[in-house]
Amino acid sequence: MEGFAWLTKFYTSFIPSKQARKITRALRRAGQPLDKDLVLQYFTELFSKACDLVDQCKLLKPVQFWKEVGSQLPWARYLSGSDLLDFSNRIVCARARYLDGWHFYHFRIRFQIPDSHREPYYTQANIAVDRWRVLVENVYEDYFPWWLTDSDNEGSAEAMLVRFTGLSIKDDGDENTKMSDDEDMKMSDDENMKMSDDEKAA
């Protein structure tokens, strides 16, 4: 997808295969055949809706916020707030890495610019992600942690901690991904993405 760099500095994928499969299943459950344009449309809708609801960042934890965003989108309602928070962060990372590369080639190297970085690519999806960054960066720290734009980032705080310290953090210790007890009961991270009774009836 133009305007995103999906590989980290260490040539690992920002979106692991297990997560990619989960997201793909949710996208397909929206009922339309998937292609590149439709996926970009879904990305655009996700971040555009987040921008529309940005004032709720003052009241909600990130997981709660993204659950609310997802509840208003046909495909995203099949994912938990934790899933959507992690997924959106990884998309932001991929966009930030692309823009870092673009600036590097155009302002420092200035020659032998690879085709992938000849244009900044301001597609609707790029613009929606960039707008989200503008709205929350340096405003809502919980929503835009420092590592999202760090050149060494790998898509999550835990991945960075593991790479550089060899340590691991528990899910319930991650301020950006932990859920309240009520949310934990309501949201399912089960690989099969079971729907609630209301979702089945919808």
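Inter-residue side-chain proximity for C93 and W147 is flagged as met; some heavy-atom pair is nearer than 4.5 Å. Counting heavy atoms from C-beta on, the side chains of R97 and K9 come closer than 4.5 Å. Taking 4.5 Å as the limit, every side-chain heavy atom of F144 sits out of range of all side-chain heavy atoms of V139. Using a 4.5 Å cut-off on side-chain heavy atoms (C-beta onward), W66 and K61 make no contact. Residues D130 and L99 have side chains in contact (heavy-atom distance under 4.5 Å, counting atoms from C-beta outward). Two residues are said to be in side-chain contact when any heavy atoms from C-beta on lie closer than 4.5 Å; L46 and W75 meet this criterion. Between R28 and R25 there is no side-chain heavy-atom pair separated by less than 4.5 Å.
No donor-acceptor pair under 3.5 Å is formed between the side chain of R29 and the backbone N or O of Y78. Under a 3.5 Å cut-off, the side chain of T12 and the backbone N or O of T8 do not form any donor-acceptor pair. Listed for the T44 side chain is a donor-acceptor partner under 3.5 Å among the backbone atoms of A125.
A pairwise comparison of heavy atoms in L79 and K67 identifies O-NZ, 3.5 Å as the closest pair. Residues G3 and R95 share a closest heavy-atom pair of O-NH1, 2.9 Å. Of all heavy-atom pairs spanning A128 and S48, the tightest one is CB-OG, 3.9 Å. Residues G70 and L84 come closest through the heavy atom pair CA-CD1, 3.6 Å. Taking all atoms of both residues into account, the shortest heavy-atom contact from S71 to R77 is CA-CB, 4.3 Å. The two residues T149 and D100 have their closest heavy-atom pair at O-OD2, 4.1 Å.
Distance CD/Q124 to CD/E45: 10.0 Å, rounded to 0.5 Å. To the nearest 0.5 Å, atoms CD (E154) and OG (S13) are separated by 11.0 Å. To the nearest 0.5 Å, atom OG1 of residue T123 and atom CG of residue D37 are 10.5 Å apart. The CD1 atom of I15 sits 11.0 Å away from atom CG of N89, with the distance rounded to the nearest 0.5 Å. Taking CG of L60 as the start and OH of Y140 as the end, the distance is 11.0 Å to the nearest 0.5 Å. Separation of atoms CG (L53) and CG (L59) is listed at 11.5 Å; rounding is to 0.5 Å.
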Between I23 and L27, is a side chain to side chain contact (heavy atoms under 4.5 Å, CB included) present by the stated rule, with each step listed?
-> CA-CA 6 Å; I23 298 298; L27 294 173; 4.1 Å; yes
Check the pair D83 / K22 against side chain to side chain contact (heavy atoms under 4.5 Å, CB included), numbers first and verdict last.
-> CA-CA 9 Å; D83 286 330; K22 180 182 285 190; 3.5 Å; yes
Decide side chain to side chain contact (heavy atoms under 4.5 Å, CB included) for R90 and Q19; before the verdict, give the C-alpha distance in whole Å, the side-chain angles of both, and the deciding distance to 0.1 Å.
-> CA-CA 11 Å; R90 291 174 184 275; Q19 184 185 40; 3.0 Å; yes
Please report the C-alpha distance between V92 and F47 in whole Å, then the side-chain angles of each, then the deciding distance to 0.1 Å, and finally whether the side chain to side chain contact (heavy atoms under 4.5 Å, CB included) criterion is met.
-> CA-CA 10 Å; V92 169; F47 283 92; 3.9 Å; yes
Candidate pair F65 and W132, rule ring pair (Phe, Tyr, Trp, His ring centres under 6.0 Å), full reasoning | CA-CA 13 Å; F65 174 83; W132 169 251; 5.6 Å; yes
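Relative orientation of the F4 and W6 rings is parallel, given thresholds of 30° and 60° on the angle between their planes.
No path of Ile, Leu, Val, Met, Phe, Trp and Tyr side chains, each step under 4.5 Å between heavy atoms, connects V129 with V134, placing them in separate hydrophobic clusters. One hydrophobic cluster holds both I91 and L34 under the rule that ILVMFWY side chains link at heavy-atom gaps under 4.5 Å.
For the 3.5 Å distance criterion, the side chains of E68 and Q72 qualify, holding a donor opposite an acceptor.
Ring centroid separation for the pair F87 and F14 does not come in under the 6.0 Å cut-off.
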